[in-house]
> 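Just dropping this structure here.
Worth knowing before you read on, the calculation uses all heavy atoms, side chains too, and leaves out hydrogens, waters and symmetry mates. Residue numbers start from 1 in every chain, and the chains themselves are labelled A, B, ... in the order their sequence lines are given, proteins ahead of strands.
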Number of protein chains: 2
Amino acid sequence: MEYPRPLTMVDVVLFTIADDTLSVVLEKRANAPFRGRFALPGGYIHVDEDEDAEDSARRVLAAKCGVSDVYLEQLYTFTGRARDPRDWSVTIAYCAVAPAQRVPARASTKIVPLTEATGLPFDHDRILARAATRLRDKATYSSLPGFLLPETFTYPQLQRVYEVVTGEHLDTSSFRRKTLELRMIEPVSSTQERGARGRPAQLYRLADQTLRAYQRKI
Amino acid sequence: MEYPRPLTMVDVVLFTIADDTLSVVLEKRANAPFRGRFALPGGYIHVDEDEDAEDSARRVLAAKCGVSDVYLEQLYTFTGRARDPRDWSVTIAYCAVAPAQRVPARASTKIVPLTEATGLPFDHDRILARAATRLRDKATYSSLPGFLLPETFTYPQLQRVYEVVTGEHLDTSSFRRKTLELRMIEPVSSTQERGARGRPAQLYRLADQTLRAYQRKI
DNA sequence: TGAATAGTGTCTTTAAGACACTATTCA
DNA sequence: TGAATAGTGTCTTAAAGACACTATTCA
């Protein structure tokens with residue numbers, strides 16, 4: 001026996017760092033409901049062209065934000081009768097992370113500081129809050145914030161990104177010790193940054209395109 | 001513009017401990033596909049009666065396993081064209097944890113050791129694997145395994161549950177120190193277990209019906 | 001040389017692990 | 001009293017934090 005099927009969508013929380021501030025990409029809605037309002041980029045699952053929902057999320061990210069090949073992980077699935085005025089709905093939310101350079105400027109999108117992304121339509125405030133918690137949480141035990149940086153970066157840049165995401169000051173020495181222990185980054189051979197004031201820094205890249213995380217024991 | 005909607009379901013991985021072994025509840029499928037085979041308990045979302053998908057999961061758990069008021073958390077959403085022969089499908093998987101006493105014996109269900117729950121239909125092996133990873137992971141930094149025990153329990157029982165879930169031997173002294181630090185349990189006033197050999201143990205209960213977890217810092 | 005930023009060494013503090021010890025019950 | 005199980009104290013080891021120090025560049 002079959003049942004009426006709920007609306008099924010994906011929504012993406014795309015984080016980036018703009019002006020040293022943790023920010024999120026919003027999209028101006030082209031359709032009802034909430035036409036003209038800014039919301040999380042999202043869209044229907046296209047069963048004819050998407051192999052799975054992660055495919056849908058990547059398609060949405062490419063179509064609506066011009067962003068591809070970024071770190072993407074499933075966040076949570078938000079469901080219920082009340083969250084969308086059209087119908088009982090399911091949205092599979094994804095969390096994406098990209099360096100600002102990879103997010104093109106577009107008329108239909110804007111990059112806003114996380115703290116200013118409130119009052120969004122649907123339950124997007126809740127989705128965003130959960131995504132922010134996930135990101136901050138993973139910043140304390142994984143390499144996730146590293147995906148906010150371009151291909152190569154310096155240690156001070158990496159540390160700064162962790163500080164921006166967690167909102168806390170980190171000690172240089174301890175930070176290096178722990179990232180070394182995780183082996184999350186590797187030096188890019190014999191390349192240094194030049195031209196700035198002070199001693200030029202060694203460049204690094206992420207050791208892995210997947211996440212590195214600590215294990216904790218009870 | 002609307003798109004054809006995928007099939008939308010929930011599946012539940014219900015963990016329990018039977019004979020000192022981490023086990024999972026399977027249900028004999030009453031309908032096609034895979035009629036007669038054992039699989040994870042699951043079912044369609046009923047948009048007319050369920051407020052949200054967690055509601056659906058609790059309804060499924062009550063209807064198919066006779067289990068209610070248990071710890072339940074969303075695990076992951078499995079999607080795609082290939083995972084169900086009927087259609088492009090979405091299943092929101094939940095992870096549930098209950099003491100064996102609360103899982104009634106039924107003709108249509110069976111409790112099997114986790115290690116023997118393989119070769120399940122659909123992608124249920126994958127779902128189960130992810131659930132097991134989640135449970136074992138949370139056993140290292142949260143009170144989750146505590147929900148495998150009845151209302152009140154002793155310290156040795158609690159430690160045993162953690163050992164069964166993680167598969168590792170734990171030191172009594174360290175275990176007590178850490179659970180104290182988390183403040184996850186509290187003594188039940190002036191009640192002791194009696195009758196067994198040896199010194200009777202103090203009874204405890206979980207301090208909280210929600211999860212308690214450590215924070216680690218990078 | 002000194003301002004600026006990068007990077008290291010080391011002492012202190014805190015948490016984890018190991019393990020021997022004491023405590024309370026029953027037969 | 002001794003077997004059995006519950007529960008504690010304490011020494012050792014490892015990880016985290018704090019912070020002063022050295023290093024390399026440019027003007």
> Ignoring the backbone of A:Q202, work out which of C:dG7, C:dT25, D:dT25 is nearest its side chain.
C:dG7
> Anything below 3.5 Å on both distances counts as a pair; with that, list the stems of at least three consecutive Watson-Crick or G-U pairs involving DNA chain C.
C:1-27 with D:1-27
> What pair of heavy atoms forms the shortest contact from A:T140 to A:D137, and how long is it?
OG1-O, 2.7 Å
> Of the listed nucleotides (C:dA18, D:dG7, C:dG7), which one gets closest to any side-chain atom of A:P156?
C:dG7
> Counting only distance, no hydrogens or angles, is the base of D:dG17 paired donor-acceptor with the side chain of A:S173 under 3.5 Å?
no
> Can you measure B:H169 atom NE2 to C:dA18 atom P for me and round it to whole angstrom units?
8 Å
> Starting from the 5' end of DNA chain D, give me the residue, A:G198 or A:E181, whose nearest nucleotide shows up first.
A:E181
> Please work out which of the three classes, parallel, tilted or perpendicular, describes the rings of B:F122 and B:H124, given edges at 30° and 60°.
tilted
> Determine, step by step, whether A:V10 and A:D50 satisfy the side-chain contact (heavy atoms from CB on, under 4.5 Å) criterion, reporting the C-alpha distance in whole Å, the side-chain angles of both residues, the deciding distance to 0.1 Å, and the verdict.
CA-CA 12 Å; A:V10 295; A:D50 304 331; over 6 Å; no
> Starting at CG of A:L180 and ending at P of C:dG7, how long is that distance when rounded to a whole Å?
11 Å
> Can you check the B:Q159 CD to D:dG7 P distance for me, whole Å?
11 Å
> Between A:R177 and D:dA16, is there a contact of a side-chain N or O with OP1 or OP2 at under 4.0 Å?
no
> Would you kindly give the CG-to-P distance between B:L170 and C:dA15, to the nearest whole Å?
19 Å
> In this structure, how many angstroms lie between the P atom of C:dG9 and the CZ atom of A:F175, rounded?
18 Å
> Report the residue (A:D171 or A:R197) whose heavy-atom-nearest nucleotide on DNA chain D is the more 5′ of the two.
A:D171
> Is a salt bridge present between A:R160 and A:E163, judged by a nitrogen-to-oxygen distance below 4.0 Å?
yes
> Can the positive tip of A:R130 be found less than 6.0 Å from the middle of the six-membered ring of A:Y76, inside 45° of the ring normal?
yes
> Tell me which nucleotide among D:dT8, C:dT24, D:dT24 gets nearest to the side chain of B:R176.
D:dT8
> Start with the C-alpha distance between B:R134 and B:E73, add both sets of side-chain angles, then the distance that settles side-chain contact (heavy atoms from CB on, under 4.5 Å), and finish with yes or no.
CA-CA 11 Å; B:R134 164 85 61 101; B:E73 67 176 40; 2.6 Å; yes
> Measure from CG on B:L158 to P on D:dG7 and round the result to the nearest Å.
11 Å
> Please give me the minimum heavy-atom distance between B:G43 and B:V60, naming the atom from each residue.
N-CG2, 4.0 Å
> Starting from C1' on D:dT24, measure out to CZ on A:R199 and report it in whole angstrom.
5 Å
> Whole angstrom is fine here: how far is it from CD in A:E163 over to P in D:dG17?
13 Å
> So if I take every side-chain heavy atom of A:K178 and compare against C:dT24, D:dA6, D:dG17, which nucleotide ends up nearest?
D:dG17
